[in-house]
Amino acid sequence: MKNIHEVIVVEGKYDKNTVAQVVSGTIIETSGFGVFSDKKKITLLRKLAEKRGLIILTDSDKAGFFIRGRLIGMLGAEKVKHAYIPDMSGRERRKSSASKEGKLGVEGMKPDIIIKALERAGATIVDEPTHSGDASRITKADMFAVGLSGIDGSARKRAELLNRLDLPERLSANALLDVLNVLFTRDEFLAL
């Protein structure tokens, strides 16, 4: 499994699941066009781009290119790389019919195609897994220790933290952990 330094931006949860089976790193979904009305998600993407850089990996259809173009307009091009999947006819296994344009999306790509697309985009492949035992990383145990997971009221505390950091309110505990590890060191997090 390749460990990618940049944050990978995909359209939806099925794309995220497919990419997460191939690479290790932080993957954020746009929820399709929903990202354009989500100011907190755009703010999050700006913060992540500043810290690590982004790789946009959208479908090769009209909607994918529209999302890609709008994101560049909103985020700026200087911290963004582009990964492109090939135009391939077909339909994803979970769908009963092909997309409007009849093309496979990111979720329908084979692992080697996704890796090649990321490599061609200039992804920074790191030697250490992104979720290593590095003492400077924030862990699930840290989240538990400060009451952000696993106890009564942890959902409320996470919501308060998300609001304080101006992050999207629907980030799960695991997604929050990924984002926190991009934005903060362990010491910075514990000082919050």
Side-chain angles (χ1 to χ4, degrees), residues 1-36 38 41-90 92 99 101 103-134 136-138 167-168 171 174-185:
M1 185 173 284
K2 303 276 184 174
N3 303 302
I4 307 296
H5 174 74
E6 295 86 357
V7 174
I8 302 169
V9 179
V10 297
E11 291 180 57
K13 66 182 178 182
Y14 295 105
D15 298 332
K16 181 178 180 177
N17 182 47
T18 298
V19 174
Q21 292 177 36
V22 178
V23 299
S24 177
T26 304
I27 305 166
I28 302 290
E29 60 184 89
T30 66
S31 303
F33 297 130
V35 71
F36 304 129
D38 189 340
K41 188 164 277 186
I42 292 296
T43 299
L44 170 63
L45 291 173
R46 279 190 187 111
K47 289 177 183 179
L48 296 173
E50 190 59 39
K51 283 284 192 171
R52 288 249 188 104
L54 301 178
I55 298 175
I56 298 177
L57 176 62
T58 58
D59 296 348
S60 290
D61 59 7
K62 185 177 179 181
F65 275 86
F66 181 80
I67 291 168
R68 182 186 297 272
R70 285 281 307 270
L71 284 176
I72 290 301
M74 297 171 101
L75 303 172
E78 55 279 350
K79 299 273 186 179
V80 178
K81 297 176 181 178
H82 295 276
Y84 297 97
I85 59 169
D87 281 343
M88 296 176 73
S89 297
E92 283 83 12
S99 70
E101 294 180 36
K103 296 179 182 181
L104 285 175
V106 170
E107 77 172 272
M109 291 293 122
K110 293 183 178 178
D112 63 316
I113 292 174
I114 292 171
I115 295 291
K116 285 178 188 169
L118 292 168
E119 287 174 342
R120 279 193 308 266
T124 306
I125 299 170
V126 293
D127 294 332
E128 292 291 317
T130 318
H131 300 289
S132 69
D134 183 352
S136 67
R137 290 192 54 78
I138 304 160
L167 296 173
L171 283 181
N174 286 336
L176 176 59
L177 181 62
D178 284 345
V179 168
L180 291 173
N181 272 305
V182 173
L183 299 176
F184 303 103
T185 65

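- Residue pairs meeting the ring-ring contact (aromatic ring centres under 6.0 Å, His included) criterion with at least one partner in residues 8-30, sequence neighbours excluded, are absent.
- Separating the OG1 atom in Thr26 from the CG atom in Leu54 is a distance of 10.5 Å, to the nearest 0.5 Å.
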Trace of the side-chain contact (heavy atoms from CB on, under 4.5 Å) decision for Ile56 with Ile72: CA-CA 9 Å; Ile56 298 177; Ile72 290 301; 4.1 Å; yes

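- Remark: of the listed residues Thr124, Ile125, Ile55, Ile55 is the sole one forming a side-chain contact (heavy atoms from CB on, under 4.5 Å) with Leu118.
- With sequence neighbours excluded, no residue forms a salt bridge (Lys or Arg N to Asp or Glu O under 4.0 Å) with Lys13.
- The main-chain N or O of Gly76 is never found under 3.5 Å from a side-chain atom of Arg46 such that the two would form a donor-acceptor pair.
- Going from atom OG1 of Thr30 over to atom CD1 of Ile42 covers 9.0 Å, rounded to the nearest 0.5 Å.
- Side-chain N or O atoms of Lys2 include none that pairs as donor or acceptor with a backbone N or O of Ile115 at under 3.5 Å.
- Tyr84 carries Arg68 over the face of its six-membered ring, with the cationic atom under 6.0 Å from the centre and within 45° of the normal.
- Separating the CG atom in Leu48 from the OG1 atom in Thr43 is a distance of 10.5 Å, to the nearest 0.5 Å.
- Asp38 is linked by a salt bridge (Lys or Arg N to Asp or Glu O under 4.0 Å) to nothing, counting only residues two or more places apart in sequence or in another chain.
- Of the possible polar contacts, one joining the Asn181 side chain to the Ile138 backbone as a donor-acceptor pair under 3.5 Å is found.
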Val35/Leu45 under side-chain contact (heavy atoms from CB on, under 4.5 Å): CA gap, chis, key distance, verdict: CA-CA 10 Å; Val35 71; Leu45 291 173; 4.2 Å; yes

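- Nearest heavy atoms, Leu57 versus Val106: O-CG2, 3.8 Å.
- Evaluation of the salt bridge (Lys or Arg N to Asp or Glu O under 4.0 Å) rule for Glu107 yields Arg94 as partners, not counting sequence neighbours.
- Listed here is the closest heavy atom pair of Ser31 and Lys41: OG-NZ, 3.8 Å.
- Legend: residues meeting salt bridge (Lys or Arg N to Asp or Glu O under 4.0 Å) with Lys81, ordered by chain and number and at least two apart, are Glu6.
- Here the CG atom belonging to Leu183 is positioned 6.5 Å from the CG atom belonging to Leu167, to the nearest 0.5 angstrom.
- Closest non-hydrogen pair, His5 versus Arg52, comes out as O-CD, 2.9 Å.
- Summarising the geometry, atom OG1 belonging to Thr58 is positioned 8.5 Å from atom CG belonging to Leu71; distances are rounded to the nearest 0.5 Å.
- In this structure, the side-chain contact (heavy atoms from CB on, under 4.5 Å) partners of Met88, at least two apart in sequence or on a different chain, are Pro86, Leu104, Met109, Ile113.
- Leu171 places none of its side-chain heavy atoms less than 4.5 Å from the side chain of Asp178.
- In terms of heavy-atom proximity, Ser24 sits nearest to Asn3 at CB-OD1, 3.0 Å.
- The two atoms that bring Glu11 and Asp59 nearest to each other are OE2-N, 2.7 Å, heavy atoms only.
- Taking CG of Leu75 as the reference point, atom NZ of Lys47 lies at 13.5 Å (rounded to 0.5 Å).
- Ring planes of Phe66 and Phe36: perpendicular class, angle over 60° (limits at 30 and 60°).
- Looking at every heavy atom in both residues, Ala117 comes nearest to Ala83 through O-CB, 3.6 Å.
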Test side-chain contact (heavy atoms from CB on, under 4.5 Å) applied to Ile4 and Ile27, step by step: CA-CA 10 Å; Ile4 307 296; Ile27 305 166; over 6 Å; no

